[in-house]
Amino acid sequence: MKPTFYITTAISYPNGAPHIGHAYEDMATDVIARFMRLDGYDVRFLTGTDEHGIKMLQTARKEGITARELADRNSARFIEMTKLLGLSNDDFIRTTEERHKTSCQAIWEAMEKNGDIYLNKYAGWYSVRDEAYYAEEETVVSEDGIRFGAQGTPVEWVEEESYFFRLSAYQDKLLALYEAQPDFIGPDERRNEVISFVKSGLKDLSISRTTFDWGIPVPGNPKHVMYVWVDALTNYITALGYPDMQAELFQKYWPALHIIGKDIVRFHTVYWPAFLMSAGVPLPRRVYAHGFLFNRGEKMSKSLGNVVGPQEMVDAYGLDPVRYFFLREVSFGQDGSYSHEAIVARMNADLANNLGNLAQRSLSMIAKNLGGVLPVPGALTDADEAILASTYGLLAACREAFATQQIHQALNAIWGVLGEANRYFDAEAPWTVRKTDEARFATIMWVTAEVLRNVGILIQPVMPGSAAKLLDLLALDEAARDFAHLGEAGKLTGGVALPAPVGIFPRYVEKAAS
RNA sequence: GGCAGUGUAGCUCAGUUGGUUAGAGCGACGGACUCAUAACCCGUAGGUCGGCGGUUCGAUUCCGCCCGCUGCUACCA
């Protein structure tokens, strides 16, 4: 039986259209999911939308529609994006679904049964008009002594009945968790931050509201809806069938690797494990936080007008180059920057020149000089052995990189071998050898094709479409495209007729200035 | 303010458990080649390794201070 692997993105808050930040997390998670599938794991990949809460209500009101209508409309946009990006998710969860209500109420009851939920009062600066609380520092007092909230509406000190989660009881358990499971949080910087946060002392958490009703009702007290995190985080187990922990999916796939943005690290590494401990559910395997994307080094914002949508980007460069760019250019876990120039540079240097051109020059030689038939190699020289050894070493390097989500390092290793392959090709000068030594020429062609086969297989997670084209050009059987066929195991056998070579990665040429 | 991290070639970064000439990719420039998507290959970049001071025979790598940048410092997802 295959080992299993469960991976999730954070669920997106759909009070607006998806932007490149959402796309980035989705693409990266998809790459990991695909990598693990190819490496022999039975993978479950979940993404979705987090649709409750006050902000949805406020946005809906501004647009003159209901929260439900807003959620339906925008969630559909996120679903469209999964198609646009070619995501291989197995499920798409919406927190407004019935299965999620059942799940949230069950985890609530489990935490309550464990004695971790109690009723008390939540106090703060409340805006009746916004139906929202504001932190003290978000408010300003005007000259006439009236205090206003962030939206410019008057606020008043309100004490509201609220359920609390006994987070304070979990401080030591959480610290013990980080200690016992050092890879629970990644990258390390985030882990350090979380530990110092928890060490500084944990207060109990307000987990219900009575001021609005766009949420999941608290069991036994429908005046309250669950507030934010119990609702949002629970999605990860809802999708596996919780509260039925004997459910097939749950048994098979939990615990998860959660891929999230660095802004929600605390919720996933403090609140979430505490909730699960309380409810008696096993904890996630690991939480890995990626960084933010910047447009030319500047934060993206509507006022700067530098927000780029995933659709525009895919339209401009194509899906696979976009996926490749973000995963190669940005160190996964750190902030990154993108620009038209940087994307074009990657497309042309890495994709068109290093990989595309190597495929083109070698395959067209086979077409022209060997009748389009992949040759059978003769005795291998040291040079042949060397480039093959580097190529065959890639799986181990990629696995090592993916084990800690260092996707960019895996790509770096692959392109290192491509550089070596170009030097090999040049040094062997097959265009000259062809005239004097046909057997040697055939061997050089075979070796190069074998490098391309391995590279083609390894880049499938990042560029599924382009990789398939490359492997098609090598007439590689669909069933021979997983990682088990890398290296000696799936070595190309000569004598196979190849299709006519076509370009896979076109150069990006700037349009004439208009 | 406190805690943590970071500042290396035009750009993006790697690296040195302290030690002869500090590396890669991209860009730029020069050369070679002509199989190929004007691609590929070879060579060049003389960078105070943020600043000042200290430890040491010797520091970019250790310590201190300073400057710049970033993150965290709880109920907005």
Side-chain angles (χ1 to χ4, degrees), chain A residues 10-16 50-56 58 122 124 132-135 138 150 162 164-165 167 187-209 227-229 231-232 261-267 270-271 289 291-292 297 328-331 334-337 339 341-342 344-369 408-409 412 415-416 418-419 421-435 441 444-445 448 501-509:
Chain A
I11 47 177
S12 304
Y13 201 67
N15 64 338
D50 171 23
E51 307 179 10
H52 292 306
I54 189 81
K55 285 201 172 172
M56 286 294 283
Q58 289 168 348
Y122 177 77
Y133 280 93
Y134 294 106
E138 283 182 296
S162 169
F164 282 79
F165 174 75
L167 186 64
D188 287 342
E189 309 90 89
R190 303 294 160 218
R191 178 170 182 268
N192 295 338
E193 284 172 11
V194 170
I195 290 174
S196 80
F197 171 75
V198 173
K199 275 187 178 159
S200 76
L202 295 177
K203 293 193 290 191
D204 290 350
L205 201 62
S206 166
I207 53 168
S208 78
R209 284 293 126 96
Y227 191 52
V228 189
W229 293 105
D231 179 341
K262 65 179 183 181
D263 52 335
I264 52 176
V265 168
R266 183 192 317 136
F267 310 112
V270 181
Y271 302 173
F292 289 159
R328 173 63 187 86
E329 181 86 1
V330 182
S331 295
Q334 296 187 288
D335 291 345
S337 189
S339 65
E341 292 77 8
V344 170
R346 284 288 175 196
M347 278 181 77
N348 288 347
D350 294 2
L351 299 182
N353 298 352
N354 284 331
L355 174 53
N357 184 54
L358 178 66
Q360 183 79 359
R361 67 199 302 210
S362 57
L363 294 173
S364 66
M365 267 187 185
I366 293 175
K368 286 177 191 164
N369 303 296
H408 57 290
Q409 282 181 6
N412 191 33
W415 260 262
L418 281 170
N422 272 309
R423 286 188 288 279
Y424 163 84
F425 200 83
D426 193 75
E428 297 300 320
W431 53 92
T432 304
V433 173
R434 167 169 69 83
K435 298 167 187 163
F441 173 70
I444 298 166
M445 289 302 104
T448 305
V502 293
I504 303 166
F505 297 106
R507 276 184 78 74
Y508 185 95
V509 182

Selection residues 349-359 of chain A - residue pairs positive for side chain to side chain donor-acceptor pair (under 3.5 Å), sequence neighbours left out: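 Output for this query lists A/Y324-A/D350, A/R346-A/D350, A/N353-A/R507.
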Considering only atom [atom1], compute the distance from [N] to [M] and round it to an integer number of Å.
N	M	atom1	value
B/G58	B/C65	C1'	23 Å
B/U60	B/G50	P	10 Å
B/A39	B/G71	P	39 Å
B/G31	B/C40	C1'	14 Å
B/C62	B/G7	P	11 Å
B/A45	B/G23	C1'	13 Å
B/U16	B/U8	C1'	11 Å
B/U21	B/C63	C1'	29 Å

[X] [atom1] - [N] [atom2] separation (whole Å):
X	N	atom1	atom2	result
A/D335	B/G5	CG	C1'	12 Å
A/I195	B/C3	CD1	C1'	13 Å
A/Q409	B/U12	CD	P	19 Å
A/E428	B/C33	CD	C1'	16 Å
A/E341	B/G27	CD	C1'	12 Å
A/E189	B/U6	CD	P	8 Å
A/E329	B/G27	CD	P	12 Å
A/N412	B/U12	CG	C1'	11 Å

Donor-acceptor pair, side chain of A/Y13 and main chain of A/H52, under 3.5 angstrom: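 It does hold such a pair.
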When we call it a touch if two heavy atoms are under 4.0 Å apart, what does [X] touch: a base, just sugar-phosphate, or nothing?
X	result
A/G201	base
A/I264	nothing
A/I207	nothing
A/D50	sugar-phosphate
A/D188	nothing
A/R346	nothing

Test log, rule side chain to side chain contact (heavy atoms under 4.5 Å, CB included), inputs A/L351 and A/Y508: CA-CA 10 Å; A/L351 299 182; A/Y508 185 95; over 6 Å; no
Working for side chain to side chain contact (heavy atoms under 4.5 Å, CB included), residues A/K203 and A/L167: CA-CA 6 Å; A/K203 293 193 290 191; A/L167 186 64; over 6 Å; no
Toward the 5' end of RNA chain B, by each residue's nearest nucleotide, A/Y122 or A/R328: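 Looking at RNA chain B, the more 5' nearest nucleotide goes with A/R328.
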Residue met sooner reading RNA chain B from 5', once A/R209 and A/E193 are mapped to nucleotides: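 Result: A/E193.
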Ring geometry between A/F164 and A/Y122 (parallel below 30°, tilted from 30 to 60°, perpendicular above 60°):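 Because their plane-to-plane angle lies in the 30° to 60° range, the rings of A/Y122 and A/F164 count as tilted.
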Where protein sits on nucleotides 34-43 of chain B, one letter per nucleotide: B base, S sugar-phosphate only, - none, heavy atoms under 4.0 Å: SBBB-SBSS-
Spacing of A/L418 atom CG and A/R423 atom CZ [to the nearest 0.5 Å]: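 A/L418 CG to A/R423 CZ: 10.5 Å, rounded to 0.5 Å.
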Stems where RNA chain B pairs, listed by first number, each of three or more Watson-Crick or G-U pairs under 3.5 Å: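 When the pairs of RNA chain B are grouped into runs of at least three, the stems are B:1-7 with B:67-73, B:10-13 with B:23-26, B:28-31 with B:41-44, B:50-54 with B:62-66.
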